[in-house]
Protein chains: 2
Amino acid sequence: MSQASNRLEKRDQLISTAFSLFYRYGIHAVGINQVIDVAGVAKRTLYHHFDSKEALIAATLVYRDQQFRTWLEARIEQAPPGEGALLAVFDALDDWFNERDEAIMPFHGCFFINTCAEYTDPQNVHHQQCQTHKRLVREMLFRHAYQVNAERADELSQELVFLKEGAIVQAHVMADPQAALVAKGMAKRLLQSYAT
Amino acid sequence: MSQASNRLEKRDQLISTAFSLFYRYGIHAVGINQVIDVAGVAKRTLYHHFDSKEALIAATLVYRDQQFRTWLEARIEQAPPGEGALLAVFDALDDWFNERDEAIMPFHGCFFINTCAEYTDPQNVHHQQCQTHKRLVREMLFRHAYQVNAERADELSQELVFLKEGAIVQAHVMADPQAALVAKGMAKRLLQSYAT
DNA sequence: ACACAAGTAGACAGATCGGTATACATCCAC
DNA sequence: GTGGATGTATACCGATCTGTCTACTTGTGT
């Protein structure tokens, strides 16, 4: 094992461990000692890679943003372009909620919604990272909405975002395994009304 | 000041103070000492009324559930029955998000969604209190949806819940003041498709 | 060969956590 | 008028928090 790969490994171990714990138990509920114990890494090593817990939090948000969008993008591109792609979003959500896709397991709600719940002030640096993530996902939907209805792609992607967020909350809070399918039904009718 | 009224006052002061702090900063981020300092009450008094922080959390959830549903019910009943009542929900949300209604100010997202973000396990006792709240709100919508389309009131109220949750998340995470109006537009089209 | 970057274990600091204990004041009901 | 419920203030408990520190090991590049 080379030094360089070890360096990256430890850093990534810390981020992925921190993410898993933060995601499951919430950020404030998880201490630095718990992170290093689970990651199997010395405290000194954590503070070598990150200035503070805040920096580690920021890194987990970047990590999850990348992971989530990569996953969703891949799921969407397996579907036919346009309407098919947009409906594929809800099939992807369905697999996420019901933990049928290893790439995105487990499901404990949206990490970014959850983080905003702990940092409610929109000026907070972590809250703003969450806004950035949501903006990037919206842009992804926009690109596909543009194929369906170029003129009204902004509206359409916005409304699909509402259905997506509603589904995530319903799936998590109510532990409703059907949430994505209900949202998909709504999306189908929405897409009909946008069909050119 | 009588003993009885004092008794209730202190207990209620603690609950309403705890709610405000939990709502703004998150539950895990707020300590018992902060609650008693802001409430202006001795620690002994808190532990006289509540066995533990957990018990105080449970009480704030009951308090907010009551407050929120009373508020929403009142807002809905000012509108004409049926479709008007259901659309009034989104006008109410609009006032909530933009802090135009003193009875429900301030806005930091949905306390119950936020609480589920800190207690992600659906088996957790606080998470289940949140489910109960959401179920009761859904029942409120169901009663009015029943006036619009008795046969499909279940579906309709379910879909309106999705729009409501989507709007709350969008308003909070993205600090989007328009969220309720977007959802209202979607609800209007939804109601058209359910019109008998 | 040696300097340096990255790692280890673990003690420690100072603050804060939830919760308990002590000692005393107030007020109402019986 | 006394007992019990409710309140005050404050000290204290053991645990845990984030973050620092010492002392040592390991592997790489020059």
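Predicted model only: the values in this text are computed from it and were never measured. Per chain, numbering begins at 1; letters A, B, ... match sequence-line order.
Within the structure, a side-chain polar atom (N or O) of A/Thr45 is placed less than 4.0 Å from OP1 or OP2 of C/dT8. Residue A/His49 has a polar side-chain atom (N or O) positioned under 4.0 Å from OP1 or OP2 of C/dG7. A close approach under 4.0 Å does not occur between any side-chain nitrogen or oxygen of B/His28 and OP1 or OP2 of C/dC17.
Atom-to-atom, NE2 of B/His48 to P of C/dT26 comes out at 18 Å; the value is rounded to the nearest Å. Spacing between atom CD of B/Glu9 and atom P of C/dT26 amounts to 18 Å, rounded to whole angstrom units. We find that CD1 of B/Ile57 is positioned 14 Å from C1' of C/dG19, with the value rounded to whole Å. We find that CG of A/Leu46 is positioned 14 Å from P of C/dA9, with the value rounded to whole Å. The distance between atom CD of A/Gln13 and atom P of C/dA6, rounded to the nearest whole Å, is 16 Å. Per the geometry, CD belonging to B/Glu54 stands 16 Å off P belonging to C/dC17, to the nearest Å.
Ring-plane geometry between A/Tyr119 and A/His28 is classed as tilted, the angle between the planes lying from 30 to 60 degrees on a 0 to 90 degree scale. Ring pair A/Phe111/A/Tyr23 is perpendicular by interplanar angle, where above 60° counts as perpendicular and below 30° as parallel. Using the six-membered ring where Trp is involved, B/His133 and B/Phe68 have ring planes that are perpendicular, over 60° apart on the 30 and 60° scheme.
If you take NE2 on B/His126 and CD1 on B/Ile27, they are separated by 6.5 Å, rounding to the nearest 0.5 Å.
Between the B/Glu99 side chain and the B/Phe107 main chain, a donor and an acceptor come within less than 3.5 Å of each other.
When hydrophobic residues (I, L, V, M, F, W, Y) are linked wherever their side-chain heavy atoms come within less than 4.5 Å, the members clustered with B/Tyr146 are B/Phe142.
B/Val182 is not listed as a side-chain neighbour of B/Asp176, based on a closest heavy-atom distance of 4.5 Å or more.
Side-chain proximity of B/Lys10 to C/dG7, D/dT8, D/dG19: nearest is D/dT8.
Qualifying side chain to side chain contact (heavy atoms under 4.5 Å, CB included) partners for B/Arg143, counting only residues two or more places apart in sequence or in other chains: B/Glu73, B/Glu139, B/Met140. Every residue two or more places apart in sequence or in another chain was checked for a ring-ring contact (aromatic ring centres under 6.0 Å, His included) with B/Tyr47, and none qualifies.
The C1' atoms of five pairs define one axis at each end of the helix from C/dA1-D/dT30 to C/dC30-D/dG1, and these two axes lie 0° apart (to 10°).
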Chi angles and distances behind the side chain to side chain donor-acceptor pair (under 3.5 Å) call for B/Arg64, B/Gln67: CA-CA 5 Å; B/Arg64 179 59 164 183; B/Gln67 181 191 56; 2.6 Å; yes
Check nucleotides 20-24 of chain C against the protein and report each pair of N or O atoms closer than 3.5 Å, with its distance, or say if there are none.
unit_1: C/dT22; atom_1: O4; unit_2: B/Arg44; atom_2: NH1; d: 3.4

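Less than 4.0 Å separates DNA chain D from at least one heavy atom of each of the following residues of residues 30-42 of chain A: A/Val30, A/Gly31, A/Ile32, A/Asn33.
Counting only N and O atoms by type, the side chains of A/Asp94 and A/Asn98 include a donor and acceptor under 3.5 Å apart.
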